[in-house]
Amino acid sequence: MRIAVLGAAGMAGSRVVTEAAHRGHALLAVYRSTRPDTLPPGVTPVAGDADDTDAMCALFEGVDAVVAATRPPVGREHTITATTTALLDAAAKTGTRALVIGGAGPLAVPGHPGRLVLDDPAYVPPQWRAVAAAGAAQLAACRAHEADWTYLSPPAVLEPGPRTGAYRRGTTTLLTTEDGTSRISAEDLASAVLDELERPCGERHFTVGY
């Protein structure tokens, strides 16, 4: 496949680029201001702004799928909905499938189907609530859009780590281990992203975790 990764310099996006290149896909690594220092063979770096629908339309022509791994700066979490909508506008115009790496906020708390992760201080302390709420708003923006989108909610903790290739896949409830932790490495999240792109499961919203 030919895949465009937005937010290619970020923690999740850079791992998706590495994983996709390892699997032999052709990559456009799209970055806004910070160009990746090194890129795997077969990856083309492109400067681009996800908020610029016309520019994204030009980039998405001939692309099979786009992975949105963009993250707003601290204090501007509210802008993610407009950015996601602009990106989906471009994907709809070009007929390109979009996989959005979002947040854990809109997932249900295990054992409490009526409670969202963003409302549970056990998973989201006050200082992270704005980020979690932005993820829920981002999913709502996707649900309101006609584009061909899939929204991937990571677990409560996403951080760099080893690539094991092993993870569990869930739907709209947070995945936890026996000790109650909810986490995955960015490397294994990238593996889940590529698995979904290569073998779509048909779910609009899903999660992964250990």
Side-chain angles (χ1 to χ4, degrees), residues 1-32 34-48 50 55-71 84 87-88 90-92 94-104 135 138-139 142 147-155 157-171 175 182-210:
M1 287 187 292
R2 186 168 174 80
I3 303 169
V5 180
L6 281 76
M11 179 178 64
S14 62
R15 270 73 175 182
V16 171
V17 168
T18 298
E19 180 72 19
H22 176 74
R23 298 191 188 196
H25 298 291
L27 272 295
L28 290 178
V30 186
Y31 61 95
R32 179 179 298 210
T34 305
R35 177 172 176 159
D37 293 330
T38 59
L39 290 169
V43 179
T44 302
V46 181
M56 291 301 102
C57 282
L59 278 177
F60 296 168
E61 288 291 348
V63 169
D64 299 300
V66 55
V67 176
T70 57
R71 283 290 177 273
T84 300
L87 185 153
L88 292 178
T94 56
T96 308
R97 182 185 176 203
L99 191 154
V100 178
I101 300 176
Q138 182 185 36
L139 176 58
C142 290
D148 180 7
W149 58 266
T150 302
Y151 189 92
L152 169 55
S153 281
V157 178
L158 174 65
E159 58 191 2
R163 182 195 183 282
T164 69
Y167 62 88
R168 291 186 296 148
R169 179 176 172 131
T171 53
L175 291 177
S182 175
R183 60 175 299 273
I184 198 170
S185 70
E187 286 74 7
D188 281 335
L189 182 84
S191 182
V193 167
L194 268 296
D195 287 347
E196 169 63 22
L197 292 181
E198 293 174 350
R199 298 179 297 279
C201 292
E203 296 160 337
R204 279 292 181 97
H205 183 200
F206 74 100
T207 189
V208 294
Y210 291 139

Which atom of [X] lies closest to which atom of [Y], heavy atoms considered:
| X | Y | result |
| --- | --- | --- |
| Ala91 | Ala98 | CB-CB, 4.3 Å |
| Pro154 | Gly102 | CD-O, 3.4 Å |
| Ile184 | Val208 | CD1-CG2, 3.8 Å |
| Ala12 | Ile101 | CB-CD1, 4.3 Å |
| Ala104 | Pro155 | CB-O, 3.7 Å |
| Leu88 | Ala147 | O-CB, 3.6 Å |

**Prompt:** Side chains of Tyr167 and Ser185: donor-acceptor distance under 3.5 Å anywhere?
**Reply:** no
**Request:** For Leu6 and Met56, run side-chain contact (heavy atoms from CB on, under 4.5 Å): C-alpha distance rounded to whole Å, both residues' side-chain angles, the deciding distance at 0.1 Å, then the answer.
**Result:** CA-CA 10 Å; Leu6 281 76; Met56 291 301 102; 3.6 Å; yes
To the nearest 0.5 Å, tell me how far [X] [atom1] sits from [Y] [atom2].
| X | Y | atom1 | atom2 | answer |
| --- | --- | --- | --- | --- |
| Arg204 | Thr150 | CZ | OG1 | 6.5 Å |
| Gln138 | Ser153 | CD | OG | 8.5 Å |
| Ile3 | Leu194 | CD1 | CG | 5.5 Å |
| Leu152 | Thr207 | CG | OG1 | 6.5 Å |

**Asked** Between Leu99 and Trp149, is a side-chain contact (heavy atoms from CB on, under 4.5 Å) present by the stated rule, with each step listed?
**Response** CA-CA 6 Å; Leu99 191 154; Trp149 58 266; over 6 Å; no
**Asked** Is any NZ, NE, NH1 or NH2 atom of the basic residue among Asp188 and Arg168 found under 4.0 Å from an Asp or Glu carboxylate oxygen of the other?
**Response** no
**Message:** Is there a side-chain contact (heavy atoms from CB on, under 4.5 Å) between Leu197 and Asp64? Walk through the geometry before answering.
**Reply:** CA-CA 9 Å; Leu197 292 181; Asp64 299 300; over 6 Å; no
**Request:** Name all residues meeting the side chain to side chain donor-acceptor pair (under 3.5 Å) criterion together with Glu159; count only those two or more places apart in sequence or in a different chain, and write none if there are none.
**Result:** none
**Asked** With Thr171, which residues qualify under side-chain contact (heavy atoms from CB on, under 4.5 Å), at least two apart?
**Response** Glu203
**Prompt:** Does the side-chain contact (heavy atoms from CB on, under 4.5 Å) test come out yes or no for Asp195 and Glu19, once each step is laid out?
**Reply:** CA-CA 10 Å; Asp195 287 347; Glu19 180 72 19; 5.9 Å; no
**Message:** Please check this pair: side chain of Ser182 against backbone of Leu175, looking for a donor-acceptor N/O pair closer than 3.5 Å.
**Reply:** yes
**N/O donor-acceptor pair under 3.5 Å between His25 side chain and Met1 backbone** = yes
**Item:** Inter- and intrachain pairs under side-chain hydrogen bond (donor to acceptor under 3.5 Å, both in side chains), touching residues 2-16, at least two apart
**Value:** Arg15-Glu187
**Asked** Would you call His22 and Pro40 a side-chain contact if the rule is heavy atoms closer than 4.5 Å?
**Response** no
